[in-house]
Amino acid sequence: MLSLLSLLALLSVASALPFPFNLISWNLQNPFLRHNFNIDPPKDEIGWTDPRVRGGQFVDFTTPRYGEPLNVIVSNLSDPFVLTEEGFRWYYKSIGFSEECFGLHYGHVHKADLGDGDGRKSEHILARQHYFPHWGTCWESLIGGNHFRAWKQNGTEADTSAWFLGVSKEQDSTKHHMIVPDGYNIGRDLLVQSAMAGSSWGGISWRTEVEWREGLLEPGFKGINHAIAQDGRIAILTVHHV
């Protein structure tokens, strides 16, 4: 009886404490998700199509059961050159990314369903943080850093040409490139920060606008690879040639 009374007293105190100690209102399965969080129903969007409209999702398929969040979208309201593979490569080089070390792919190939009629398709691009001009991404492969996978929404049912990115910060090669704690949020925010600062590469300069969206991706770690929670925010980028 005494232990039961002690437990009830503890819960009473905990419920009165502010975040993050409010254990009653806080969802322990999804640390970023309170019980009153609502996912927005799919609807028509400007500049890209919500993958959920045709059965897709904002989480890729790293394994049959788990995936990583698609947390950045480059809208088709961007400069048309950025919507091409060549133009997008020029753009991501301008914000500090480049192709993999010596063009060799390390790691698992992810798939994503963008709801464009192509079903689950393999990543179009894998880019890593480019630390310095020569062999910069080889250094990222060794010591870790920011990286992203990108898919183009260009299927027969939703040919928007928008780019969907899964961005995250990873650990070094000795830890098999595991995502760092809070790495999905950190990686996304670092990419957006670089984009918003203005950038240039190959004689072309870019200006980027961002719109932050919530309600498209459930916060927390349910279904997320490595059980690393993410906050559910997605950055919608519109890139302009200056």
Peer 1: Looking at every heavy atom in both K111 and S122, which two are closest together, and how far apart are they?
Peer 2: NZ-OG, 3.0 Å

Peer 1: Does Q193, at its CD atom, have more than 12 non-hydrogen atoms belonging to other residues, nucleotides or ligands within less than 6.0 Å?
Peer 2: no

Peer 1: Can you find a pair of side-chain heavy atoms, one from L217 and one from Q57, that are under 4.5 Å apart?
Peer 2: no

Peer 1: Side-chain contact test, heavy atoms from C-beta onward, threshold under 4.5 Å: evaluate it for D118 versus N154 and give yes or no.
Peer 2: yes

Peer 1: Output the distance between atom NE2 (H147) and atom CG (L126), rounded to the nearest 0.5 Å.
Peer 2: 6.0 Å

Peer 1: Checking D159 against Q153 for the side chain to side chain contact (heavy atoms under 4.5 Å, CB included) test, could you report, in this order, the C-alpha distance in whole Å, the side-chain angles of both residues, the deciding distance, and whether it holds?
Peer 2: CA-CA 6 Å; D159 189 4; Q153 191 175 56; over 6 Å; no

Peer 1: For S94, run the side chain to side chain donor-acceptor pair (under 3.5 Å) check against S205, S199, S194 and tell me which one passes.
Peer 2: S199

Peer 1: Looking only at side chains, do S78 and N76 share a donor and an acceptor under 3.5 Å apart?
Peer 2: no

Peer 1: Quick check: is W212 connected to L191 through a chain of hydrophobic side chains (ILVMFWY, heavy atoms under 4.5 Å apart)?
Peer 2: yes

Peer 1: Do E86 and F81 pass the side chain to side chain contact (heavy atoms under 4.5 Å, CB included) test, and can you show the C-alpha distance, the side-chain angles, and the key distance before you say yes or no?
Peer 2: CA-CA 8 Å; E86 179 184 4; F81 186 47; 4.2 Å; yes

Peer 1: Give the minimum heavy-atom separation between S168 and E68, together with the two atoms involved.
Peer 2: OG-OE1, 4.2 Å

Peer 1: Under 4.5 Å between side-chain heavy atoms, hopping through other hydrophobics if needed: is there a path connecting W90 to V239?
Peer 2: yes

Peer 1: May I ask you to say whether K152 pairs ionically with E123, meaning some side-chain N is under 4.0 Å from a carboxylate O?
Peer 2: no

Peer 1: So how far is it from N71 CG to L216 CG, rounded to the nearest 0.5 Å?
Peer 2: 12.0 Å

Peer 1: Would you say the side chains of T208 and Y91 form a donor-acceptor pair under 3.5 Å?
Peer 2: yes

Peer 1: Can you find a pair of side-chain heavy atoms, one from T62 and one from D60, that are under 4.5 Å apart?
Peer 2: yes

Peer 1: Considering only NZ, NE, NH1 and NH2 on the basic side and carboxylate oxygens on the acidic side, decide whether E209 and R207 come within less than 4.0 Å.
Peer 2: yes

Peer 1: Can you tell me how far CZ of R120 sits from NE2 of H110, rounded to the nearest 0.5 angstrom?
Peer 2: 13.5 Å

Peer 1: Starting from the C-alpha separation in whole Å, work towards a yes-or-no answer on salt bridge (charged side-chain N to carboxylate O under 4.0 Å, His left out) for D231 and R188.
Peer 2: CA-CA 11 Å; D231 61 14; R188 176 204 60 205; 2.7 Å; yes

Peer 1: Which distance, rounded to the nearest 0.5 Å, do you find between the CH2 of W201 and the CD1 of I95?
Peer 2: 13.0 Å

Peer 1: Return yes if some donor-acceptor pair links the side-chain N/O of N225 with the main-chain N/O of Y66 below 3.5 Å, else return no.
Peer 2: no

Peer 1: According to a 4.5 Å side-chain heavy-atom criterion applied to Ile, Leu, Val, Met, Phe, Trp and Tyr, with indirect links allowed, do F97 and I204 form part of one hydrophobic cluster?
Peer 2: yes

Peer 1: Quick check: closest heavy atoms across L70 and A112, and the distance to 0.1 Å?
Peer 2: CD1-CB, 4.4 Å

Peer 1: Side-chain contact, heavy-atom cut-off 4.5 Å: V59 with Q230?
Peer 2: no

Peer 1: Check E99 with R128, please: is the shortest side-chain N to carboxylate O separation under 4.0 Å?
Peer 2: no

Peer 1: For atom CZ of R213, decide whether the heavy atoms of other residues, nucleotides or ligands shown that lie under 6.0 angstrom number more than 12.
Peer 2: yes

Peer 1: May I ask you to check whether H240 and W206 place their ring centres under 6.0 Å from each other?
Peer 2: no

Peer 1: Nearest 0.5 angstrom please: L114 CG to T160 OG1, how far?
Peer 2: 8.0 Å

Peer 1: Treat each ILVMFWY residue as a node, draw an edge where side-chain heavy atoms are under 4.5 Å apart, and state whether V82 and V210 are in one component.
Peer 2: yes

Peer 1: Check whether L165 and L77 end up in the same hydrophobic cluster, where Ile, Leu, Val, Met, Phe, Trp and Tyr are linked by side-chain heavy atoms less than 4.5 Å apart.
Peer 2: no

Peer 1: So, do H124 and W163 sit near enough that their side-chain heavy atoms are less than 4.5 Å apart?
Peer 2: yes

Peer 1: Hey, does I234 have a side-chain heavy atom less than 4.5 Å from the side chain of I73?
Peer 2: yes

Peer 1: Listed by chain and number, what are the ring pair (Phe, Tyr, Trp, His ring centres under 6.0 Å) partners of Y92, not counting sequence neighbours?
Peer 2: F88, F148

Peer 1: Please report the shortest heavy-atom distance between V180 and I228, naming the atom on each side.
Peer 2: O-CD1, 3.8 Å

Peer 1: In plain terms, say whether D116 and K121 are close enough for a salt bridge, that is, a side-chain N and a carboxylate O under 4.0 Å apart.
Peer 2: yes

Peer 1: Show the nearest heavy-atom pair for residues A235 and V192, with the distance to one decimal.
Peer 2: CB-CG2, 3.6 Å

Peer 1: Side chains of T238 and S75: does their closest heavy-atom pair fall under 4.5 Å?
Peer 2: yes

Peer 1: Specify the closest pair of heavy atoms between P51 and F164, including all atoms of both residues, with the distance to one decimal.
Peer 2: CG-CE2, 3.8 Å

Peer 1: Working to the nearest 0.5 angstrom, can you tell me the gap between I125 CD1 and E85 CD?
Peer 2: 5.0 Å

